[in-house]
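For reference, the structure discussed in these notes is given below.
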There are 2 protein chains.
Amino acid sequence: MDKSSLFHQFVTFTATVHQVTHELTQNVTVANITPLQYKILEYIKVSQPVTPTEISECQHMSLPNTSRELRKLQEQHLIEKYNDTEDRRKQYIRLSNEGDKMMEEAFACVEERFLQLIQHATQEDLKDIQHALSILEQKVFHQQD
Amino acid sequence: MDKSSLFHQFVTFTATVHQVTHELTQNVTVANITPLQYKILEYIKVSQPVTPTEISECQHMSLPNTSRELRKLQEQHLIEKYNDTEDRRKQYIRLSNEGDKMMEEAFACVEERFLQLIQHATQEDLKDIQHALSILEQKVFHQQD
DNA sequence: CCTATTACTTATCATTTGATAACTAAATAA
DNA sequence: TTATTTAGTTATCAAATGATAAGTAATAGG
């Protein structure tokens, strides 16, 4: 097995993933949300509750910039902050009802497009896809933090 | 097979892919290149020669903005433009020697990090990974242009 | 108790990226 | 030939994002 050719396949693959996810998430949001804010909300949605520091690390942005974006999201009533009872420096962020509703709608829209992408897949194909995703999660993309 | 749970797996997966590729490509470039310019060069590297219109479509950016970035890249002697002999409106873009060298170095750096990511993979794992990439390319991410 | 560290905020500035209007030149269609 | 379309450029403006300095408040370590 040539690791170098695997690398090239990997590069092509990730480029394609970027392109396709861009197409899937294009113009999904109703509210006045920037792409970065969408990513943050997406992360909160699947990982809540999260701290600003966690968002900062996962999204590769500085804490000041994270703080700014979270403030904007809070001003739009899409997220809520609450303090840790033990360590009062810490905050936890979660989606507000409004924010959750918005993300549910956004996900529904993306899901619809996703389903079109796999519309011709047989039951067998779906199993293959799920298995492939698991393999890559485990053996390549597994986050080592 | 529940397509909805597959969708959720897909969302998590793509988020992870974005995160990991960001880590892999962070600070790779020696030259004074923006992230967008890196993506453009990456695309040119694997698909050259390409036209500005193709870059524009693939990277989801307007032609004026594409033109601007290409001008900057040309000013840095990283790419070369040449005209189609048949249709003189058309241009083709390719990497200059300098640009190609730079991208080779960038890829080498990314590859090194990628190899660390899969350092514990057995020969069997590598085959699985390659197979998983192929499956997803074919059955999910296949571009329908 | 005092110092250092952690978690986060506010403010400010530079850079990058996106959007749009107006243009040139070449090719195609009528 | 004339009008339309295509491919790309230039210029300009707005918005999004990144970087950094300086601050507060709470906790942890000595």
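Here is the naming used below: chain letters follow the sequence lines, and residue numbers restart at 1 for every chain. Basis for what follows: all heavy atoms, side chains included, without hydrogens, waters or symmetry-related copies.
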Checklist entry - Between B:Ser62 and B:Leu36, which has a closest nucleotide on DNA chain C that is more 5'? => result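 Checking each residue's closest nucleotide, the 5'-ward one belongs to B:Leu36.
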Proximal nucleotide (of [options]) relative to the [X] side chain:
X       : options                : value
B:Leu63 : D:dA7, D:dT20, C:dT9   : D:dA7
A:Ser67 : C:dT17, C:dT10, D:dT10 : C:dT10
B:Asn65 : D:dT9, D:dG18, C:dG18  : C:dG18
B:Arg89 : C:dA27, C:dT10, C:dC8  : C:dA27
A:Lys72 : D:dT17, D:dA19, C:dA19 : D:dT17

Next on the checklist: For A:Lys39, I'd like to know if atom NZ has over 12 heavy atoms of other residues, nucleotides or ligands within 6.0 Å.
Outcome noted: no
d([atom1], [X]; [atom2], [N]) in whole Å:
X       : N      : atom1 : atom2 : result
B:Arg71 : C:dT17 : CZ    : P     : 14 Å
A:Gln59 : D:dA19 : CD    : P     : 15 Å
B:Ile33 : C:dT15 : CD1   : P     : 16 Å
B:Ile93 : D:dT9  : CD1   : P     : 7 Å
B:His60 : C:dA19 : NE2   : P     : 12 Å
A:Glu69 : C:dC8  : CD    : C1'   : 15 Å
A:Leu70 : D:dT17 : CG    : P     : 13 Å
B:Gln91 : D:dT6  : CD    : P     : 18 Å

With under 30° as parallel and over 60° as perpendicular, where do the rings of [X] and [Y] fit, or are they tilted in between?
X        : Y       : answer
A:Phe107 : B:Phe7  : perpendicular
B:Tyr82  : B:Tyr92 : tilted
A:Phe141 : B:Phe13 : perpendicular

How is [X] classified with respect to the nucleic acid when contacts are heavy atoms under 4.0 Å: base, sugar-phosphate, or nothing?
X       : result
B:Glu86 : sugar-phosphate
B:Lys39 : nothing
A:Gln37 : nothing

Next on the checklist: Check this for me: does any side-chain nitrogen of one of B:Glu104 and B:Lys101 sit under 4.0 Å from a carboxylate oxygen of the other?
Outcome noted: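 Salt bridge: no.
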Checklist entry - Mapping A:Arg68 and A:Arg88 to their closest nucleotides on DNA chain D, which lands nearer the 5' end? => result A:Arg68
Checklist entry - Relative to the 5' end of DNA chain D, which residue comes earlier, B:Pro64 or A:Thr85, by the nucleotide with the nearest heavy atom? => result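 Final value for this comparison: B:Pro64.
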Next on the checklist: Assess, by modelled atom type and distance only, whether the side chains of A:Gln91 and A:Thr53 contain a donor and an acceptor separated by less than 3.5 Å.
Outcome noted: no
Checklist entry - Can you find a donor-acceptor N/O pair under 3.5 angstrom joining the side chain of B:Asp87 to the base of D:dA7? => result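 No.
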Checklist entry - Is there a side-chain polar atom (N or O) of B:Thr51 under 4.0 Å from OP1 or OP2 of D:dA7? => result no
